[in-house]
Chemist: 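Below is a structure I'd like to ask you about.
Because only heavy atoms are used, hydrogens play no part in the values below, and waters and symmetry mates are left out as well, while side chains stay in. Sequential numbering from 1 along the given sequence is applied to the chain's residues.
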Amino acid sequence: MIKQIAFAIVLSASPAIAQDFPAHFVTDGVAADDALNIRAMPDATSDIIGEYGPYTLNIEVIHTSNDGKWGFVGLGEQNGWVAMRFLARSDHQQAYEFPRPMSCFGTEPFWSLNVTVRGDEYHAMGEDRRDLNMIRENAGPNGAIAVFEEGPTLNRTLIVQKGYCSDGMSDREFGWKATLFNEAPDGNGAQSGCCTLDAHR
């Protein structure tokens, strides 16, 4: 019953970020010997703080500037802006599918859960990485949910929702907030954190 309620909540939640974002993009129209600059502000004269190469995949745009010309992206422990005219959207999952690739993580204790096209895994500080088997997934305009099996007795349910999130350790803004609910014979528990579609985190 808890999982059914969680699925209903995440699929009907009101938006905290525009429904079209965050989203995956690739560089487009960048010459082979050039790069797409990441700038400190949405302005072509602003300081350059990073760059994307001409064939870069899985760039996450969290939101755009008011005029739609600049995209807000993550870069290490900060954020920056890139010109949207050099990006092309690359979301290809079905409406009901959990977004991939997506990395979720939290603190106290440190944990991460990665959902990729090649497989899914969970990692906690001081422990080995563990392979997960996704047994259920669904998505809506403002979030997604997935249930994973980790061995015969442990289930993990990951709920992600679009909205502002901070990892509490850096100045970087994320566009997804996460709740991870763990069901185990020795007790259940929930963890919170942030997520990103950015494969370059």
Side-chain angles (χ1 to χ4, degrees), residues 1-25 57-64 71-74 79 89-125 129-150 154-170 172-183 188-201:
M1 178 60 110
I2 291 175
K3 290 176 184 173
Q4 283 81 358
I5 293 173
F7 271 75
I9 290 173
V10 76
L11 298 182
S12 63
S14 54
I17 284 181
Q19 291 186 6
D20 287 343
F21 295 95
H24 272 133
F25 286 79
L57 307 175
N58 295 322
I59 298 169
E60 180 186 41
V61 174
I62 298 172
H63 59 78
T64 60
F72 190 63
V73 299
N79 296 90
R89 190 154 180 169
S90 59
D91 294 331
H92 298 301
Q93 68 262 19
Q94 299 294 321
Y96 61 86
E97 289 181 339
F98 197 93
R100 295 176 178 82
M102 175 175 273
S103 297
C104 299
F105 44 89
T107 59
E108 299 181 3
F110 287 93
W111 64 274
S112 65
L113 196 158
N114 299 314
V115 180
T116 74
V117 295
R118 296 182 300 275
D120 312 318
E121 65 177 19
Y122 174 82
H123 182 240
M125 178 175 282
R129 295 184 181 275
R130 304 171 188 172
D131 292 333
L132 301 175
N133 176 36
M134 184 184 289
I135 58 174
R136 188 177 179 190
E137 64 181 310
N138 212 330
N142 305 306
I145 186 168
V147 180
F148 306 88
E149 287 181 336
E150 184 186 310
L154 175 58
N155 283 354
R156 301 189 188 277
T157 300
L158 178 64
I159 302 170
V160 300
Q161 292 177 280
K162 294 180 179 181
Y164 169 82
C165 189
S166 169
D167 61 10
M169 300 182 297
S170 70
R172 180 166 170 177
E173 174 184 331
F174 295 90
W176 300 84
K177 46 191 175 181
T179 300
L180 179 64
F181 186 74
N182 305 298
E183 300 173 83
N188 302 331
Q191 298 167 289
S192 61
C194 301
C195 301
T196 179
L197 301 170
D198 187 358
H200 316 282
R201 180 174 73 91

Chemist: Please step through side chain to side chain donor-acceptor pair (under 3.5 Å) for the pair Gln161 and Asn142, ending with a clear verdict.
Modeler: CA-CA 6 Å; Gln161 292 177 280; Asn142 305 306; over 6 Å; no

Chemist: With a 4.5 Å heavy-atom cut-off, do Asn155 and Phe181 have their side chains touching?
Modeler: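 Heavy-atom side-chain distance check fails, nothing below 4.5 Å.
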
Chemist: With side-chain contact (heavy atoms from CB on, under 4.5 Å) as the test, would you mind laying out the steps for Phe174 and Ser166 before giving the verdict?
Modeler: CA-CA 6 Å; Phe174 295 90; Ser166 169; over 6 Å; no

Chemist: Any salt bridge between Arg100 and Glu137, counting N to O under 4.0 Å?
Modeler: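 So Arg100 pairs with Glu137 through a salt bridge.
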
Chemist: Do Phe98 and Phe148 have ring centres separated by under 6.0 Å?
Modeler: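 Centroid separation for Phe98 and Phe148: 6.0 Å or greater.
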
Chemist: Do you know which two heavy atoms are closest between Thr107 and Asp167, and how far apart they sit?
Modeler: CG2-O, 4.3 Å

Chemist: Would you mind reporting whether Gln191 and Pro109 have side-chain heavy atoms less than 4.5 Å apart?
Modeler: yes

Chemist: For Ile145 and Thr157, run side-chain contact (heavy atoms from CB on, under 4.5 Å): C-alpha distance rounded to whole Å, both residues' side-chain angles, the deciding distance at 0.1 Å, then the answer.
Modeler: CA-CA 7 Å; Ile145 186 168; Thr157 300; 3.9 Å; yes

Chemist: Is any side-chain N of the basic residue among Asp120 and Arg156 closer than 4.0 Å to the acidic one's carboxylate O?
Modeler: no

Chemist: Ala144 and Pro99: which non-hydrogen atoms are nearest, and at how many Å?
Modeler: CB-CD, 3.7 Å

Chemist: Does any part of the side chain of Ile159, heavy atoms only, come nearer than 4.5 Å to the side chain of Lys177, both counted from C-beta?
Modeler: no

Chemist: Closest approach of His24 and Leu197, non-hydrogen atoms and distance?
Modeler: NE2-O, 2.9 Å

Chemist: Any idea which heavy atoms bring Asn114 and Ser103 closest together, and the distance?
Modeler: OD1-OG, 3.0 Å

Chemist: Phe72 vs His63, test: ring-ring contact (aromatic ring centres under 6.0 Å, His included). Steps then yes/no.
Modeler: CA-CA 5 Å; Phe72 190 63; His63 59 78; 4.6 Å; yes

Chemist: Name all residues meeting the side chain to side chain contact (heavy atoms under 4.5 Å, CB included) criterion together with Met125; count only those two or more places apart in sequence or in a different chain, and write none if there are none.
Modeler: Phe110

Chemist: Is Pro22 close to Trp176 at the side-chain level, that is, under 4.5 Å between some pair of heavy atoms?
Modeler: yes

Chemist: Using modelled atom types and a 3.5 Å cut-off, is there a donor and acceptor pairing between side-chain atoms of Asp198 and backbone atoms of Ile59?
Modeler: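 No, the answer is negative, given that no donor and acceptor are paired below the 3.5 Å cut-off.
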
Chemist: For Arg130, give me all partners under side-chain hydrogen bond (donor to acceptor under 3.5 Å, both in side chains), at least two apart in sequence or on another chain.
Modeler: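 Partners of Arg130 by the side-chain hydrogen bond (donor to acceptor under 3.5 Å, both in side chains) criterion, ordered by chain and then number, come out as Glu127, Glu150.
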
Chemist: Taking C-beta and beyond as the side chain, do Val147 and Met134 meet within less than 4.5 Å on heavy atoms?
Modeler: no

Chemist: Give the minimum heavy-atom separation between Ile62 and Glu173, together with the two atoms involved.
Modeler: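 Closest approach of Ile62 to Glu173: CD1-O, 3.3 Å.
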
Chemist: When you look at Val73 and Val61, which way does the side-chain contact (heavy atoms from CB on, under 4.5 Å) test go after all the steps?
Modeler: CA-CA 5 Å; Val73 299; Val61 174; 4.3 Å; yes

Chemist: Kindly indicate whether the side chain of Leu113, heavy atoms from C-beta on, has any atom under 4.5 Å from the side chain of Glu121.
Modeler: no

Chemist: Does the side chain of Ser112 come within less than 4.5 Å of Arg129's, by heavy atoms?
Modeler: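 Side-chain contact under 4.5 Å: yes.
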
Chemist: Mind checking the CD-CG spacing from Glu149 to Leu154? Nearest 0.5 Å is all I need.
Modeler: 9.5 Å

Chemist: With respect to the side-chain SG atoms, do Cys104 and Cys195 come within less than 2.5 Å?
Modeler: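 Answer is yes, sulfur atoms closer than 2.5 Å.
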
Chemist: Let me confirm one number: the CG-CG distance from Asn182 to Asn188, rounded to the nearest 0.5 Å.
Modeler: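 Spacing of CG (Asn182) from CG (Asn188) equals 8.5 Å.
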
Chemist: Compare all side-chain heavy atoms of Tyr122 with those of Trp111 and state whether any distance is below 4.5 angstrom.
Modeler: yes

